[in-house]
Amino acid sequence: MRLTAHRILLPAAALAMAAAGCTPGSDDAAPAGQSASEVCGGFAGEPGAASALEAIAGKDVRLTADRSEPDEVLGELRKAARTPQSGKQRMEGIPFCTLEAAGDEKNVLTVTLREALAVPTGEASKASVTAYSTGRLATSSDLFASVYFTCRMPAPAHEIVLDAELERADENEADHAGIRDEQITLANAAARHVAAELGCAGTGLVKGVPAKARP
């Protein structure tokens, strides 16, 4: 009787595994996370951006963006463009894209968007940053990049200045030649993505990889 029961249980187990879409020793399960060109609405899918993100996160590293709030970003910026300028206060940055490596949850970088009350003066001339030609002001340093740009949304909204800020995590050890170029490329790509979603005109944002600004 015991032998008969054993023979019945084995096919049942095989059927359960087939229903779950796997077989013993199968390595075909889809990896967790997304590719560099897919995360956060695919903002890094444009030319140069995906390779820049891979250079920072690691080649073929799968990424998660669970702590990102892209819809909140768009909603708050639309609200800002309809709020009278008088009495405005500095908006806190909203996480458009917060990336972690899938599996070990190692922090990679965060891109935030906010309305800026003004474009800072003198930032591009600082010795600690590299300036780039995109938007109103674009700079990149060792762990940080920022792109200020103008956004004119359709009426009744008024023109506002937005700031896309990228901060690379301290635990991300992707320091190498060209890291500043990669950071500004991603910040610019995020700015272009949000500007397109908002219907911004007059941004001055360039496609692809921004060129270094001439002194």
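- Taken from CG in L77 to CD1 in I160, the straight-line distance is 6.0 Å, to the nearest 0.5 Å.
- S140 places none of its side-chain heavy atoms less than 4.5 Å from the side chain of V129.
- Looking at L53 and L109, their side chains come closer than 4.5 Å, going by heavy atoms from C-beta outward.
- To the nearest 0.5 Å, atoms CG (L166) and CG (L186) are separated by 6.0 Å.
- Both M153 and V147 sit in one connected hydrophobic cluster of ILVMFWY residues. Membership requires side-chain heavy atoms under 4.5 Å apart, directly or through other members.
- Remark: the backbone N or O of L143 is not paired with any side-chain donor or acceptor of E167 at under 3.5 angstrom.
- Contact of the T121 side chain with the L137 side chain is not registered, since no non-hydrogen atoms from C-beta on lie closer than 4.5 Å.
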Worksheet item: How far apart are the C-alpha atoms of V61 and E54, what are their side-chain angles, what is the distance that settles it, and do they pass the side-chain contact (heavy atoms from CB on, under 4.5 Å) test?
Response: CA-CA 7 Å; V61 169; E54 282 196 341; over 6 Å; no
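- Residues E100 and K106 have side chains not in contact (no heavy-atom distance under 4.5 Å, counting atoms from C-beta outward).
- When every heavy atom of A32 is checked against every heavy atom of A102, the shortest pair comes out as O-CB, 3.8 Å.
- The two residues R114 and Y148 have their closest heavy-atom pair at NH2-OH, 3.6 Å.
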Worksheet item: Does the pair I56 and V108 meet the rule for a side-chain contact (heavy atoms from CB on, under 4.5 Å), with working shown?
Response: CA-CA 8 Å; I56 293 174; V108 177; 4.2 Å; yes
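- Between D142 and R180 there is a salt bridge, with a side-chain nitrogen of the basic residue lying less than 4.0 Å from a carboxylate oxygen of the acidic one.
- The local environment of CD in E115 is crowded, with over 12 non-hydrogen atoms from other residues, nucleotides or ligands closer than 6.0 Å.
- Linking ILVMFWY residues whenever their side-chain heavy atoms come closer than 4.5 Å, directly or via other members, places V194 and I94 in the same cluster.
- Using modelled atom types and a 3.5 Å distance limit, the side chains of S35 and R62 yield no donor-acceptor pair.
- In this structure, the separation between CZ on F96 and CG on L74 is 7.5 Å, given to the nearest 0.5 Å.
- Classified by interplanar angle (parallel below 30°, tilted 30° to 60°, perpendicular above 60°), the ring pair F43/H193 is perpendicular.
- Residues A49 and A189 come closest through the heavy atom pair CB-CB, 3.9 Å.
- Between P70 and S68, the closest heavy-atom pair is CD-C, 3.4 Å.
- In this structure, T98 OG1 and L63 CG are separated by 12.0 Å, a value rounded to the nearest 0.5 Å.
- The CG atom of D66 sits 8.0 Å away from atom CD of E105, with the distance rounded to the nearest 0.5 Å.
- When all heavy atoms of V111 and A190 are compared, the pair lying nearest together is CG1-CB, 3.7 Å.
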Worksheet entry | Verdict with reasoning, E46 to K207, per salt bridge (charged side-chain N to carboxylate O under 4.0 Å, His left out) | CA-CA 8 Å; E46 67 174 33; K207 294 181 180 180; over 6 Å; no
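- Proximity of T110 to T112: side-chain heavy atoms (C-beta onward) are separated by under 4.5 Å at one or more points.
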Item to complete: Please lay out, stage by stage, how N107 and L99 fare under the test side-chain contact (heavy atoms from CB on, under 4.5 Å).
Response: CA-CA 6 Å; N107 293 323; L99 296 178; over 6 Å; no
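- Closest approach of V206 and S133 over heavy atoms only: CG1-O, 3.6 Å.
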Worksheet entry | Pair D181-K212, salt bridge (charged side-chain N to carboxylate O under 4.0 Å, His left out): steps then yes or no | CA-CA 8 Å; D181 295 350; K212 289 184 174 66; 3.0 Å; yes
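- L205 and Y132 fall within the same hydrophobic cluster, where Ile, Leu, Val, Met, Phe, Trp and Tyr residues are linked whenever their side-chain heavy atoms come under 4.5 Å apart, directly or through other members.
- Inspection of the E165 and S146 side chains reveals no N or O donor paired with an N or O acceptor under 3.5 Å.
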Item to complete: Could you give me the CA-CA distance, side-chain angles and deciding distance for V73 and E197, then say whether side-chain contact (heavy atoms from CB on, under 4.5 Å) is met?
Response: CA-CA 10 Å; V73 169; E197 291 290 322; over 6 Å; no
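- Taking CZ of F149 as the start and OG1 of T134 as the end, the distance is 9.5 Å to the nearest 0.5 Å.
- Between R136 and D163 there is no salt bridge, since none of the side-chain N atoms of the basic residue sits less than 4.0 Å from a carboxylate O of the acidic one.
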Worksheet item: Do T139 and E123 pass the side chain to side chain donor-acceptor pair (under 3.5 Å) test, and can you show the C-alpha distance, the side-chain angles, and the key distance before you say yes or no?
Response: CA-CA 8 Å; T139 58; E123 289 293 312; 5.4 Å; no
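- Using a distance-only test at 3.5 Å, with no hydrogens or angles considered, no donor-acceptor pair links the side chain of T203 to the main chain of C151.
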